[in-house]
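Structure first, then comments.
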Amino acid sequence: MQPVIDVQGAVKRYGQGDSSIYALAGVDLTIQPGEYVAIMGPSGSGKSTLMNIMGALDNMTAGKYFLDGIEISSMNENELSIVRGRKIGFIFQSFNLIPRTTALANVELPLAYQGIKSAERRIRATKALEVVGLADRMQHEPTELSGGQQQRVAVARALATRPSLLLADEPTGALDSKSTADLLDLFDQINAAGRTVVVITHEADVSERAKRVIRMRDGKIVGDTMNSGRVA
Amino acid sequence: MSILEIIRFAFRGLSINRLRTFLTTLGIMIGVMSVIVLIAVGNGSSKAVQQSLDRLGTNSIQVRSGGGGFGTRARSVANNTKPLTVADTVALIDPVQAPDIKQAAPVMNANATCVNGTSTSTPSTFSGSWPSYFEASNTSIAKGVYFSNDDVTQARRVAVIGNTTATELFGTDNPIGQTIRCGGIPFTIIGTTTIKGSTGFQDGDSLFLAPITAVQNSLTGYQPLSSIIVEAKSAKTTDAAQAEIQTILDARHKVKTSSSRDYRLFNQATLLATSSSSSKVFTVLLGVVAGISLLVGGIGITNIMLVTVVERTREIGIRKAIGAPKRAILSQFLIEATILSLVGGALGVIGGFVGSHFQIVGVKPVIVPSSVFLAFGVSVLIGLFFGGYPASRAASLRPIEALRYE
């Protein structure tokens, strides 16, 4: 089967010459469709950089990256924007909803950028919000929603485009334990429906829910294990 | 992503900070409005000058003593300049030598203050002439009568006065039949002229006209004439009439070359050319000042859009992360800037039309249609041009850097 993510020899260097720092010092990673992967590591280990590269938000100094078999590392900005819109659903620690814009409009936005007609957009956005359990909050603006609700809007926004890959960067970092549990249940549900989920976290209770845990340190992968408690 | 949608985003963006949007729009509005109003003022003043020159009569030619330049009468004694005389005037009324001249009248100017009881008035034009002066200078009588040829031969001290002079001396009373003293000499008012209006430099109704003989006898003595006013048969024959005047006067004054002429001719055409060129300069200057204010408004747009882009860096990052193409971000900010300038421009046009209804420093503005299109068009271009830089900055932000921005 063709992997969703195939990263080969990824290097990310900041600065020049002696003072340069390697955020990624040669990372190889393959993730198959339907996997639920947690990437763990202390801060500065390069996990966020890897995440940004997988999400086509950042470029590499060296190495190759294939998403669904398509080489991303050689694309220009215009092609990248299409990839971000269609292949990847992003969830951030700080939710990153557009302010002063209703939940529904937020979820519709990536669909709008893809050129989907407004009627179909509305149907798909509504459905996505129903999936995350916010059918009754569609007309609320971000400031009228709790953190957990905002993060679920973000999940709905990420799902609405039916991406190959759901990338979450510390998604529970700003949530209380109840909301964290709800969100993780949601991730389980999404993964059970067959979608590939990659979560960056340093919280053990988040990584426990994943099927595969990758550990990073100093820009390198130092551990890649299947979670024993779960069936891969 | 349809353009309509991007326009909606742009409106949403603008509605976030209404006061700022309003003030930026105001800048463009003032710019456009001042372009329209100031050009209208320039245009209005040149129209007013033209109108009053038209009222002076299009066929009339003035002959003044002296060589080059204005106000050279003083040289007439010193140089070989021969003064203009009544005999010159008579020579010009010669149907054989000057078939295109309808009539001519000698003009003797004086400076005198007129008194009626406690009221005084100093007419800006105080002249003695012949009855033909009235027609040649396009002056007609509103009340009373013209003075006659008989009045001239008898040197009767009668006078026709303009509206301003009449009001200054008599208020609302009927001046006809009354006697006033001008320079100490009594004159009886026999008529008032119809209102001429201002020529822009001089009040055409501040006027005192009397038989030339009366003025010479009592006030000026027998000095050379101030000027001769000549009326051509029609506007078309003005040039021919001018040539005839030159032939006759050159012979009488023994002028050999055209450069050594001791008199000058002024006609409507030269006056119009002078006044229209000076009012053109005036209009251009006003337009430049207004254009600068429009430019300042445009810089205001750049400034605000740059601030907006910085403020919304994170939002731009989010939009890019969820798949917004560069084009969509670029157009969103460009459209925001264009809406600002478009709305400002439209309000400015309205403001310009409203503002042009009022008299400004005594000038009734006349809108120049092309200035409206120009100002509006420039304001829209300003939006695109001055919004372009901030918009392209927003569009070329790297998503990861934009997202990290706090």
Side-chain angles (χ1 to χ4, degrees), chain A residues 12 14 23 48-49 51-60 76-102 105-118 121 141-142 153-154 156-161 163 167 169, chain B residues 1-22 304 307-336 339 391-406:
Chain A
K12 179 74 182 176
Y14 290 104
S48 282
T49 305
M51 174 89 176
N52 289 333
I53 285 167
M54 289 194 292
L57 295 176
D58 206 354
N59 51 3
M60 292 183 279
N76 67 23
E77 180 59 30
N78 241 343
E79 294 164 325
L80 285 177
S81 71
I82 296 168
V83 167
R84 283 180 211 127
R86 310 214 162 171
K87 300 261 178 207
I88 302 160
F90 240 112
I91 296 159
F92 303 90
Q93 179 176 359
S94 50
F95 324 135
N96 278 349
L97 299 178
I98 306 275
R100 290 169 290 262
T101 305
T102 62
N106 258 294
V107 177
E108 278 188 34
L109 195 58
L111 300 172
Y113 282 128
Q114 282 181 36
I116 291 165
K117 291 262 180 312
S118 101
R121 220 156 65 197
E141 292 185 4
V153 173
R157 183 175 67 185
L159 288 177
T161 57
L167 284 175
D169 187 0
Chain B
M1 180 107 230
S2 73
I3 191 77
L4 224 73
E5 212 118 39
I6 296 176
I7 292 173
R8 251 197 20 228
F9 283 154
F11 268 110
R12 192 189 295 254
L14 289 174
S15 67
I16 290 171
N17 200 327
R18 279 158 213 267
L19 180 65
R20 182 196 288 171
T21 301
F22 167 73
I304 280 311
V307 171
T308 305
V309 167
V310 170
E311 272 183 359
R312 280 153 66 189
T313 299
R314 219 183 142 73
E315 184 193 320
I316 294 164
I318 300 168
R319 285 178 185 272
K320 288 200 144 189
I322 61 173
K326 192 170 174 172
R327 182 168 28 85
I329 304 284
L330 184 76
S331 11
Q332 181 183 338
F333 282 89
L334 214 51
I335 289 171
E336 277 190 31
I339 289 171
S392 78
R393 241 174 77 158
S396 46
L397 280 171
R398 299 251 310 283
I400 186 67
E401 281 157 11
L403 276 171
R404 280 198 197 121
Y405 187 88
E406 286 298 337

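Throughout, protein chains are lettered first and strands after them, A, B, ... in sequence-line order, and every chain is numbered starting at 1. Source: prediction; values computed, not measured.
Interface remark: Leu97(A) contributes backbone atoms only to the contact with chain B (heavy atom separation under 4.5 Å). Heavy-atom distances place no part of Thr161(A) under 4.5 Å from chain B, backbone and side chain included.
Nearest heavy-atom pair across Lys320(B) and Arg84(A) is O-CD, 3.2 Å. Taking each heavy atom of Asp58(A) and Arg398(B) in turn, the nearest pair found is OD1-NH2, 3.2 Å. Here the closest heavy-atom approach between residue Arg100(A) and residue Arg12(B) is recorded as O-NH1, 3.7 Å. Taking every heavy atom of both residues into account, Arg157(A) and Ile322(B) meet most closely at NE-CG2, 3.8 Å. Nearest approach of Ala321(B) to Phe92(A), heavy atoms of both residues: CB-CZ, 3.9 Å.
Using a 3.5 Å distance cut-off with no hydrogens or angles, the side chains of Asn96(A) and Arg314(B) do pair a donor with an acceptor. Checked by atom type, the side-chain pair Arg319(B)/Ser81(A) shows no donor-acceptor distance below 3.5 Å.
Taking OH from Tyr113(A) and CD1 from Ile6(B), the interatomic distance works out to 7.5 Å, rounded to the nearest 0.5 Å. Rounding to the nearest 0.5 angstrom, the gap separating the CG atom in Leu403(B) from the CG atom in Asp169(A) is 10.0 Å.
Side-chain contact between Pro325(B) and Ile82(A): absent, with no pair of heavy atoms (C-beta onward) separated by less than 4.5 Å. For the pair Thr101(A) and Phe9(B), the minimum side-chain heavy-atom distance is 4.5 Å or more. Two residues are said to be in side-chain contact when any heavy atoms from C-beta on lie closer than 4.5 Å; Glu401(B) and Leu57(A) fail this criterion.
Applying the 6.0 Å contact sphere to CZ of Phe22(B) captures no more than 12 heavy atoms from other residues, nucleotides or ligands.
Your options are Ile98(A), Asn78(A), Leu80(A), and the one with the most heavy-atom pairs under 4.5 Å with chain B is Ile98(A).
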- Message: Apply salt bridge (Lys or Arg N to Asp or Glu O under 4.0 Å) to residues Glu5(B) and Arg121(A) and explain how you reach the verdict.
- Response: CA-CA 13 Å; Glu5(B) 212 118 39; Arg121(A) 220 156 65 197; 2.3 Å; yes
